[in-house]
Each structure stands twice: as structure tokens, then as C-alpha cells.
Peer 1: 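Here it is, the structure in full.
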Protein chains: 2
Amino acid sequence: MLKKQNHRMTRQRKVILEELKKVKTHPGADEIYAMVRKRIPRISLGTVYRNLVVLSELKEIQTIEHVGTLKRFDGTPENHYHIRCVKCGRLDDAPMEIETYLEKKVRRYTDYAVVGHRLEFIGHCSECAKGCL
Amino acid sequence: MLKKQNHRMTRQRKVILEELKKVKTHPGADEIYAMVRKRIPRISLGTVYRNLVVLSELKEIQTIEHVGTLKRFDGTPENHYHIRCVKCGRLDDAPMEIETYLEKKVRRYTDYAVVGHRLEFIGHCSECAKGCL
DNA sequence: GCTTTTATTTTCAATGATTATAAATAAGCG
DNA sequence: CGCTTATTTATAATCATTGAAAATAAAAGC
């Protein structure tokens, strides 16, 4: 890892990254805190928050700019879409490629300099859909 | 307005709705509070929050499930896309129709029962783009 | 118009997520 | 090993939002 821009690889930073890469879900800062605490019991919540910011800046991870109430974090930094369950709040990756043409389309009519987009689907996950019978 | 589901049309509710419909921006609860306070100085912030929820439920307005840090509210309840300035946080409607086929596409590969989607573009508004020269 | 019912408002305190601060610690360099 | 300073810890502070209790006022009926 390229941590040569004045960044040190501390144990806490390393473990936070490892734990986040380990799961396929998109935990919030508090969940990551709980996960990491199993390995570093005395770590502080502030350290988790700070490192998630740093790791995002270094493109090691990605922060999902929320649609629920709190931020979620994603272990894979590549841009991709998400799908969220309205009932339980569960968040998964959407099985779909990035539609770059969407940006082309909006550029024709806006005076914004468009640099990206974020797409999120809403629905009921298979678990919660059962309850809708 | 159809406020017959056990909802009363209070002065504060009326003014909040009027003020929100009046602007073309997407103010946060605090901004709406400031706007309304010019007409009802003694209104409380909690009342603003509560009414924004109620008005959303009644489909009179729409709450934009944020991508910044705080919720934004939109005077027009119809679904549409937004475009956000990364520098100043300004939020505008995106000049583009809803792409319903996106949902069709994702449905083919997910076991979620998809009921909607939200798309937001990221960019620099014309004002902020000037500073990028 | 006056009563009554109860949704709503106000004031104020509480919560929950996140960020800031200061002192202590430790990564990575020579 | 010793130094520099990024980082951590612990704790307090902030910010947006929500909850609770008492007071107020819509709307419905008389």
C-alpha cells in the first residue's frame, strides 16, 4: 500500500481496513467499531471515524454517501450501484454495470460540470418480501 | 388539499408548505425554519421537522434522502433526479427525465422486489466552476 | 357562537452520529 | 537507539433530529 504521503500504517488502521475488506456487507462506523474491537479492545470510536476518512481519501475503501440515516462504508473502492431494503435498511451491491451514458445525457442540458453520479435502488429484500404476503 | 385523514390545517403547517413551494431550491429543515420564522417568529424547530414529515406522508412535498450531511426538502413531490455541487453543496433538479428502464435492468439479476430508484449527479455548479480556472 | 375533543404547538431536554481537543503514544526516519 | 510528528486515546463538544409534558387551537357538534 502506498502510504507514503505522510501516512503511517498503524495497527488500528490496518485492522480497520482488514475487517472491512473481510465482509461483503456495508457496515456503518459503529458496526466497524464493534468488529475491530474484538481485535483491539481499547480502540476508540474516533479512531475508527478518522481512519475511514483517511482510507477513503487513499481510495482503499469507499464511503457510501447515505440514503438511510447514517453513512455506510464499502470495502471495494470501485464505483458501483447499491440497492437498499426499505424495511430493514439492508444494503447490497446492485448487480448492474455503471451506466456512463447517464452523465452524457444530463450534460446536454445542465451548466454543471458533471463529474459523477450515484444511483441507488429501493426495494424489499428477499427476507422482508416474505412478510409482505 | 385533502387533509381529511385526521390532519388539521394549522397556520404553521400552511406557512411551511407555502414557503417551501415558493422557492426553487431544496432547503434543509434549518433553512425552512428561518424562512418560516419571518412570518411566524415564535414557531419552534420541532414543529418544522414534524410538519415536513407529515407533508411528505401526504405527498404534498418530498424529502430528498440526502447525500450531503443533512436532509434536504423539495417542494415538488414528483420523483426527479438531482445534481449536487461538490464544492458548495448546492442542490438543483437535474434536467432529465426518469429512466424507468434502469429498474427493469436491475430486476433481471436481483432477488429484491425493486420499487424505485434514486439518481444523483455530482459536479461543480457554474459558480464554483469559475474558481477552478 | 360556544363546547368539546384531540391533533398540534411550544418549550426544553434527550438522543445519536460525528467531530474536535489535549495529552500520551508509537511509526518510521536517520 | 533517538527524534519527529502523525496518530491514538479519552473525553467533551457539536449538530441534526426526536421525544415528552403541558398549553393551545382546529374542526366537529350543539
Side-chain angles (χ1 to χ4, degrees), chain A residues 1-20 26-58 60-74 89 91, chain B residues 1-20 26-58 60-74 89 91:
Chain A
M1 295 153 204
L2 26 159
K3 290 281 157 43
K4 299 311 156 210
Q5 314 112 70
N6 272 17
H7 281 114
R8 294 174 184 174
M9 181 46 85
T10 61
R11 189 158 111 76
Q12 14 286 85
R13 183 165 293 164
K14 185 157 154 292
V15 171
I16 288 169
L17 183 56
E18 281 173 9
E19 290 298 315
L20 185 50
H26 304 102
D30 55 337
E31 293 172 85
I32 295 172
Y33 178 52
M35 285 154 55
V36 172
R37 213 141 55 133
K38 288 178 185 160
R39 294 174 57 186
I40 309 178
R42 299 183 59 83
I43 196 172
S44 81
L45 182 56
T47 298
V48 172
Y49 272 108
R50 227 172 319 97
N51 276 301
L52 290 171
V53 172
V54 172
L55 291 169
S56 291
E57 286 170 355
L58 296 176
E60 291 288 337
I61 65 169
Q62 168 184 194
T63 100
I64 302 173
E65 293 288 350
H66 45 164
V67 166
T69 3
L70 62 155
K71 285 181 189 153
R72 303 293 194 109
F73 298 91
D74 192 328
L91 184 69
Chain B
M1 294 154 207
L2 26 160
K3 291 284 157 40
K4 300 310 155 209
Q5 311 111 71
N6 273 16
H7 281 115
R8 295 173 183 174
M9 181 44 84
T10 61
R11 189 159 109 74
Q12 16 284 88
R13 183 165 295 166
K14 187 159 154 288
V15 171
I16 289 169
L17 184 56
E18 281 173 8
E19 291 298 315
L20 185 50
H26 305 101
D30 55 337
E31 294 172 84
I32 295 171
Y33 178 51
M35 285 154 54
V36 173
R37 214 142 54 131
K38 288 177 184 161
R39 295 174 56 186
I40 309 177
R42 299 185 58 83
I43 196 172
S44 80
L45 182 55
T47 299
V48 172
Y49 273 107
R50 230 171 317 98
N51 275 301
L52 290 170
V53 172
V54 172
L55 290 170
S56 292
E57 286 169 358
L58 296 175
E60 291 288 338
I61 65 169
Q62 167 185 193
T63 99
I64 302 173
E65 293 288 351
H66 45 162
V67 166
T69 2
L70 62 155
K71 285 180 188 153
R72 304 292 194 109
F73 298 91
D74 193 327
L91 184 69

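Remember, it's a predicted structure, so these values are computed and weren't measured experimentally. Every chain is numbered from 1 and lettered A, B, ... according to where its sequence line falls, protein lines coming before strand lines.
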Peer 1: Round to the nearest Å and state the distance from A:Glu31 atom CD to C:dA17 atom P.
Peer 2: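 Answer to the nearest Å: 10 Å.
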Peer 1: State which residues pass side chain to side chain donor-acceptor pair (under 3.5 Å) with B:Thr10; sequence neighbours excluded, sorted by chain then number.
Peer 2: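 Checked B:Thr10 against side chain to side chain donor-acceptor pair (under 3.5 Å); zero matches.
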Peer 1: For B:Arg37, give me all partners under side-chain contact (heavy atoms from CB on, under 4.5 Å), at least two apart in sequence or on another chain.
Peer 2: B:Tyr33, B:Ile43
Peer 1: How long is the line joining CD1 of A:Ile32 and P of C:dA17, in whole Å?
Peer 2: 14 Å
Peer 1: Under the rule for side chain to side chain donor-acceptor pair (under 3.5 Å), what residues qualify as partners of A:Gln12, not counting sequence neighbours?
Peer 2: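 In terms of side chain to side chain donor-acceptor pair (under 3.5 Å), with neighbours along the sequence ignored, A:Gln12 is linked to no residue.
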Peer 1: List the atom of A:Ala29, the atom of A:Leu45, and the distance in Å for their closest heavy-atom pair.
Peer 2: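 Answer, listing the atom of A:Ala29 first, then A:Leu45: O-CD1, 4.4 Å.
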Peer 1: Who are the salt bridge (Lys or Arg N to Asp or Glu O under 4.0 Å) partners of A:Glu57, not counting sequence neighbours?
Peer 2: none
Peer 1: So, OP1 or OP2 of D:dT17: does either fall under 4.0 Å of a side-chain N or O from B:Tyr49?
Peer 2: yes
Peer 1: Within this structure, what is the OH-to-P distance between A:Tyr33 and C:dT18, rounded to whole angstrom?
Peer 2: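 Answer to the nearest Å: 14 Å.
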Peer 1: Between D:dT8 atom P and A:Arg37 atom CZ, what is the distance in whole Å?
Peer 2: 16 Å
Peer 1: For A:Ile16 versus A:Thr47, what's the shortest heavy-atom pair and its separation?
Peer 2: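 Reported closest heavy-atom pair: CD1-O, 4.2 Å.
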Peer 1: I need a per-nucleotide contact map over nucleotides 5-12 of chain C, read 5' to 3'. Cutoff is protein heavy atoms under 4.0 Å; write B for the base, S for backbone only, - otherwise.
Peer 2: BBBSBBB-
Peer 1: What is the bend of the helix from C:dG1-D:dC30 to C:dG30-D:dC1 when you compare the axis at one end with the axis at the other, using five pairs each and rounding to 10°?
Peer 2: 40°
Peer 1: Residues two or more places apart in sequence or in another chain: which of them pass side-chain contact (heavy atoms from CB on, under 4.5 Å) with B:Arg11?
Peer 2: B:Val15, B:Ile40
Peer 1: With heavy-atom distances below 4.5 Å as the criterion, would you say the side chains of A:Ile32 and A:Glu19 are in contact?
Peer 2: no
